[in-house]
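Below you'll find the structure, written out as structure tokens, and then a few comments.
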There are 2 protein chains.
Amino acid sequence: MRLSELFKALGDVTRLRIILALDQGEMCVCDLAAFLGVTESAVSHQLRLLRQLHLVANRRKGPILYYRLDDDHVSQLVHIGLVHIRE
Amino acid sequence: MRLSELFKALGDVTRLRIILALDQGEMCVCDLAAFLGVTESAVSHQLRLLRQLHLVANRRKGPILYYRLDDDHVSQLVHIGLVHIRE
DNA sequence: TTTATATATGAGTATCTGTTCATATATTTG
DNA sequence: CAAATATATGAACAGATACTCATATATAAA
């Protein structure tokens with residue numbers, strides 16, 4: 001089911017932290033890894049999933065890939081979620 | 001992490017189908033089970049999780065428990081999600 | 001072209017999770 | 001109280017999943 005895949009993607013702590021980080025602005029893989037305190041491999045694996053679901057997109061600058069949120073909905077989902085848990 | 005728990009709850013097909021069903025109106029456990037084609041036990045287990053996260057609430061009418069979505073955010077999340085996947 | 005840096009990917013594994021099955025609790029009726 | 005119906009819950013097992021580690025690819029610089 002397409003919709004549950006979307007929420008499942010946001011339902012993992014590492015992936016959600018990636019999304020929250022990118023909500024602040026674009027970031028490359030190595031900075032994401034350092035910021036989150038996980039290996040670059042782990043981040044890369046999760047970014048692939050997020051990419052496939054069009055939650056994130058990237059642009060290349062030389063050897064570096066800068067990731068960003070793919071569209072507004074992602075940010076909207078996160079923020080409504082944040083409102084929900086304040087209760 | 002609180003926020004990822006929320007999304008994880010929506011990330012399971014059975015639970016999400018429960019949410020989608022309740023978005024149409026309240027329903028009792030046995031009707032939900034019949035509607036979704038799963039055992040009442042399975043539904044009940046998932047409803048407990050959804051209850052703990054305040055995604056659903058219930059009211060008792062005799063021996064029957066009618067479940068409903070707990071607040072607007074739930075519905076909002078689902079609908080934004082639906083918009084996202086149409087792309 | 002060799003080396004270095006940045007990222008991606010596949011396989012393997014340990015952990016997590018959803019269902020099933022048996023049983024318990026609650027409410028109503030006889 | 002006994003029986004019937006509706007729901008909840010615990011334990012156990014099968015399948016899913018996120019990380020690790022080794023390796024591959026890509027770009028840039030020497």
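Letters A, B, ... mirror the listed sequences (proteins, then strands); counts begin at 1.
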Exercise. Would you kindly confirm whether A:Y66 and A:F35 end up in one hydrophobic cluster when ILVMFWY residues are joined by side chain heavy atoms under 4.5 Å apart?
Key: no
Exercise. State which residues pass side chain to side chain donor-acceptor pair (under 3.5 Å) with A:E26; sequence neighbours excluded, sorted by chain then number.
Key: A:R59
Quiz item: OP1 or OP2 of D:dT20 sitting under 4.0 Å from any side-chain N/O of A:S41?
Solution: no
Self-check item: B:Q52 CD - C:dT17 P separation (whole Å)
Solution: 13 Å
Quiz prompt | ILVMFWY cluster, A:L49 and A:L65 together (side-chain gap under 4.5 Å) | solution = yes
Quiz item: Residues from residues 8-24 of chain A sitting under 4.0 Å of DNA chain D, heavy atoms only?
Solution: A:K8, A:D12, A:T14, A:R15
Practice problem: Hey, which sits more toward the 5' end of DNA chain D by its nearest nucleotide, B:V29 or A:E5? | Solution: B:V29
Self-check item: Side-chain donor/acceptor of B:S4 to backbone N/O of B:M1, under 3.5 Å
Solution: yes
Quiz prompt | Touch class at under 4.0 angstrom, heavy-atom based, for B:Y67 against every strand present | solution = sugar-phosphate
Quiz item: Of the nucleotides D:dG10, C:dT7, C:dT20, which has the atom closest to the B:R48 side chain?
Solution: D:dG10
Quiz item: Is a donor on one side and an acceptor on the other found under 3.5 Å between the side chain of A:R68 and the backbone of A:V56?
Solution: no
Practice problem: Mind calculating the distance between OH (A:Y66) and P (D:dT27) to the nearest angstrom? | Solution: 15 Å
Self-check item: Selection from D:dT7, C:dT9, D:dG10 that lies nearest to any side-chain heavy atom of A:S44
Solution: C:dT9
Self-check item: Rounded interatomic separation in angstrom, taking CG from B:L49 and P from C:dT19
Solution: 11 Å
Quiz item: Is a donor on one side and an acceptor on the other found under 3.5 Å between the side chain of A:H84 and the backbone of B:L53?
Solution: yes
Quiz item: Parallel, tilted or perpendicular: which fits the ring planes of A:F7 and B:F7, with parallel below 30° and perpendicular above 60°?
Solution: parallel
Quiz item: Could you give the CG-to-P distance, from B:L47 to D:dA6, as a whole number of Å?
Solution: 16 Å
Exercise. Using whole Å, report how far CG of A:L36 lies from C1' of D:dC19.
Key: 14 Å
Self-check item: Rounded interatomic separation in angstrom, taking CZ from A:R59 and P from C:dT7
Solution: 12 Å
Quiz item: Can you check whether B:K8's main-chain N or O pairs, donor with acceptor, with B:R15's side chain at less than 3.5 Å?
Solution: yes
Exercise. Map B:T39 and B:G62 onto DNA chain C by nearest heavy atom, then report which one ends up closer to the 5' terminus.
Key: B:T39
Quiz item: Should B:Q46 be listed as having a side-chain N or O under 4.0 Å from OP1 or OP2 of C:dT19?
Solution: yes
Exercise. Check whether any side-chain N or O of B:R60 sits under 4.0 Å from OP1 or OP2 of C:dA26, and answer yes or no.
Key: no
Exercise. Name the closest nucleotide to the B:E40 side chain, picking from C:dA8, D:dA28, D:dT7.
Key: D:dT7
Quiz item: Within less than 4.0 Å of OP1 or OP2 of D:dA8, is there a side-chain N or O belonging to B:R51?
Solution: yes
Quiz item: Whole-Å distance between C:dT27 P and B:L65 CG?
Solution: 9 Å
Quiz item: Within the stacking criterion (centroid distance below 5.5 Å, interplanar angle below 30°), does A:H45 stack on C:dT9?
Solution: yes
Self-check item: B:N58 CG - D:dA6 C1' separation (whole Å)
Solution: 13 Å
